[in-house]
Amino acid sequence: MILRPMLANDIQAGLSLCRAIGWNQLSADWELFLKLSPEGCRVALDEIHKVIGTVTTVRYQDHFSWIGMVLVDPSRQRQGTGIQLLNEALAILADEKTVKLDATPAGREVYLKLGFREEYPLTRMRWSPENAGLLRVNRARQIEKDDLQKIALFDLDVFGADRRVILNDLWQRDPEMCFVVEEGNDVRGYCLGRRGYTYLHLGPVIAHNVSDATDLASAALLACSRKPVITDVLHHSEEWIAWLSAAGFSELRPLTRMFRGANAWPGLPEKQFAILGPEFG
């Protein structure tokens, strides 16, 4: 097996791997990985130089870095490809004080052996358009371009690092899924969403409280109720989880936020109601 940097002409291979195992990403997501980390993404090649695996890394300034998209062709799984890709990502990020990722239950066991620790649980949840009648119109409004700077500043403390490049990219892709709640000129919360192959993906949902979070989620779902939606939610608020259930969400699978290193920039998880996604954090 050969490992080399991922190139733009590898995106189609990455998409093929996504389709093979049922992941939701589109070409725009892969393009964003390469934009954020042109030297930090890898592909694994077999003996005939076919792409059989991928891994991406993103550095969030000097606060922490992220590992995502550990994908292996189903025909080459359980042969050590995934662990080699993961070790390659850790080598790329060897100078980082903190490395983070979101783990499936199976991946969690591997990451624990590599020195990762659990930070908090997440759950991927699914919503169907037929549940739109359970939602109510509210005070959230669609995000406009002039809002992006103050939203990025609001997000900085909550996420723990500056990710304005990602936020701007997602808003440009799917502005109809992006909403903000304000009080005067102050941001009280915002949410973004993006198209995927099977689902629309709702997240992040960042807010001061549950009321703001539910307004944001309701507005996004009402605006884009033509396809099923997935979201990856935190569990710090029983009221939030109860609202999701009442709105028609059902659980798909658990995830675990994990970190290796100091975790000096944990952000404010109590204001994160849904994450951007396991691939970005």
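These numbers come from a predicted model, not from an experiment. All values below come from the heavy atoms of this structure, side chains included, with hydrogens, waters and symmetry mates left out.
- Residues Ser75 and Asp73 have side chains that bring a donor and an acceptor to within less than 3.5 angstrom of each other.
- Looking at Arg76 and Asp46, their side chains come closer than 4.5 Å, going by heavy atoms from C-beta outward.
- With Cys178 as the partner, the side-chain contact (heavy atoms from CB on, under 4.5 Å) test is satisfied by one option alone out of Leu148, Leu192, Asp147: Leu192.
- With hydrogens and angles ignored, the 3.5 Å screen pairs a side-chain donor or acceptor of Asp174 with a backbone N or O of Arg195.
- The shortest side-chain heavy-atom distance between Leu135 and Ser218 falls under the 4.5 Å cut-off.
- Note on Val99 and Leu114: same hydrophobic cluster, where clusters join Ile, Leu, Val, Met, Phe, Trp and Tyr whose side-chain heavy atoms are under 4.5 Å apart, directly or indirectly.
- Of all heavy-atom pairs spanning Leu222 and Ala132, the tightest one is CD2-O, 3.9 Å.
- Remark: side-chain polar atoms of Trp171 are paired, donor with acceptor, to backbone N or O of Ile143 under 3.5 angstrom.
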Check against side-chain contact (heavy atoms from CB on, under 4.5 Å), Arg42 and Met6: CA-CA 5 Å; Arg42 295 289 185 269; Met6 187 178 191; 5.9 Å; no

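- Each of Trp240, Trp243, Tyr190 was compared with Phe273 under the ring pair (Phe, Tyr, Trp, His ring centres under 6.0 Å) criterion, and only Trp240 meets it.
- Rounding to the nearest 0.5 Å places CD of Glu47 at 10.5 Å from CG of Leu45.
- Minimum interatomic distance between Pro269 and Leu234 (heavy atoms only, all atoms of both residues): O-CD2, 3.6 Å.
- Judged by distance alone, the side chain of Asn131 and the main-chain N or O of Ala247 form no donor-acceptor pair under 3.5 Å.
- His208 and Phe154 have their aromatic ring centers within a separation under 6.0 angstrom.
- A donor-acceptor distance shorter than 3.5 angstrom exists from the side chain of Thr214 to the backbone of Val210, with no hydrogens or angles considered.
- For the atom pair CH2 (Trp23) and OG1 (Thr198), the distance works out to 13.5 Å, reported to the nearest 0.5 Å.
- Within the 4.5 Å cutoff, side-chain heavy atoms of Asp29 are placed close to those of Arg173.
- Here the CD1 atom belonging to Ile2 is positioned 11.5 Å from the CD atom belonging to Gln84, to the nearest 0.5 angstrom.
- By the criterion of side-chain heavy atoms lying less than 4.5 angstrom apart, applied directly or through intervening Ile, Leu, Val, Met, Phe, Trp or Tyr residues, Val181 is not grouped with Leu170; the two fall into different hydrophobic clusters.
- When the shell of 6.0 Å around NZ of Lys150 is examined, it contains more than 12 heavy atoms from other residues, nucleotides or ligands.
- Tyr120 has its ring centre no less than 6.0 Å from the ring centre of His236.
- Counting heavy atoms from C-beta outward, Leu112 and Met258 have side chains that approach closer than 4.5 Å.
- By the rule that hydrophobic residues join a cluster once side-chain heavy atoms approach within less than 4.5 Å of another member, Leu221 and Leu200 end up as members of one cluster.
- With Asn24 contributing its side chain and Tyr199 its backbone, the two residues share a donor-acceptor pair below 3.5 Å.
- Side chain of Thr231 to backbone of His201: no donor-acceptor contact under 3.5 angstrom is found.
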Verdict with supporting geometry, Asp232 and Leu276, side-chain contact (heavy atoms from CB on, under 4.5 Å): CA-CA 8 Å; Asp232 301 306; Leu276 176 56; over 6 Å; no

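- Using a distance-only test at 3.5 Å, with no hydrogens or angles considered, no donor-acceptor pair links the side chain of Arg163 to the main chain of Leu167.
- No option in Leu101, Asp102, Ile67, Val70 other than Asp102 meets the side-chain contact (heavy atoms from CB on, under 4.5 Å) test with Pro278.
- Remark: the backbone N or O of Asn263 is paired with a side-chain donor or acceptor of Thr98 at under 3.5 angstrom.
- Here the CD-OG distance, from Glu270 to Ser237, works out to 11.5 Å after rounding to the nearest 0.5 Å.
- Two residues are said to be in side-chain contact when any heavy atoms from C-beta on lie closer than 4.5 Å; Pro74 and Ile21 meet this criterion.
- Partner of Glu118 under the salt bridge (Lys or Arg N to Asp or Glu O under 4.0 Å) criterion, out of Arg108, Arg260, Arg257, Lys100: Arg108 alone.
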Salt bridge (charged side-chain N to carboxylate O under 4.0 Å, His left out) assessment of Asp169 paired with Arg194: CA-CA 10 Å; Asp169 182 277; Arg194 66 188 189 275; over 6 Å; no

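- Side-chain contact, Gln25 with Glu279: a donor N or O sits under 3.5 Å from an acceptor N or O.
- Side-chain contact between Leu122 and Val233: absent, with no pair of heavy atoms (C-beta onward) separated by less than 4.5 Å.
- Remark: side-chain polar atoms of Thr123 are not paired, donor with acceptor, to backbone N or O of Pro254 under 3.5 angstrom.
- Considering all non-hydrogen atoms of both residues, Cys191 and Leu202 come closest at SG-CD1, 4.3 Å.
- Taking 4.0 Å as the cut-off between side-chain N and carboxylate O, Asp212 and Lys271 do not count as a salt-bridged pair.
- Atoms CG and OG1, from Leu3 and Thr81 in turn, are 9.0 Å apart once rounded to the nearest 0.5 Å.
- For Glu238, the CD atom is loosely surrounded, since the number of other residues' heavy atoms within 6.0 Å does not exceed 12.
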Intermediate values then yes/no, side-chain contact (heavy atoms from CB on, under 4.5 Å), Leu90 and Leu93: CA-CA 5 Å; Leu90 290 172; Leu93 302 173; 5.8 Å; no

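- For the 3.5 Å distance criterion, the side chains of Ser128 and Arg126 qualify, holding a donor opposite an acceptor.
- Note on Val51 and Leu34: same hydrophobic cluster, where clusters join Ile, Leu, Val, Met, Phe, Trp and Tyr whose side-chain heavy atoms are under 4.5 Å apart, directly or indirectly.
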Residue pair Tyr197, Leu15: steps toward the side-chain contact (heavy atoms from CB on, under 4.5 Å) verdict: CA-CA 10 Å; Tyr197 184 76; Leu15 288 172; over 6 Å; no

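- When the side chains of ILVMFWY residues are joined at heavy-atom separations under 4.5 Å, either directly or via intervening members, Leu86 and Ile52 end up in a single hydrophobic cluster.
- Between Met125 and Leu252, the closest side-chain pair of non-hydrogen atoms is not below 4.5 Å.
- A donor-acceptor pair under 3.5 Å is absent between the side-chain atoms of Asn209 and the main chain of Ala207, judged by distance alone.
- Ion pairing of Arg164 with Asp155 is absent here, as no side-chain N (NZ or NE/NH1/NH2) approaches a carboxylate O to less than 4.0 Å.
- Of the charged side-chain nitrogens involved, at least one lies within less than 4.0 Å of a carboxylate oxygen, so that Arg59 and Asp95 count as a salt-bridged pair.
- In this structure, Lys97 NZ and His63 NE2 are separated by 10.5 Å, a value rounded to the nearest 0.5 Å.
- For Phe280 and Tyr60, the ring centers sit 6.0 Å or farther from each other.
- The two residues Phe159 and Gly281 come nearest to each other via the heavy atoms CE1-C, 3.8 Å.
- Taking 4.5 Å as the limit, every side-chain heavy atom of Phe33 sits out of range of all side-chain heavy atoms of Val55.
- Under a cut-off of 6.0 angstrom, the local environment of CD in Gln79 is crowded, with over 12 non-hydrogen atoms contributed by other residues, nucleotides or ligands.
- For Phe64 and Trp265, the distance between ring centers is not under 6.0 angstrom.
- Shown here is Glu183, whose CD atom has no more than 12 heavy atoms of other residues, nucleotides or ligands within 6.0 Å.
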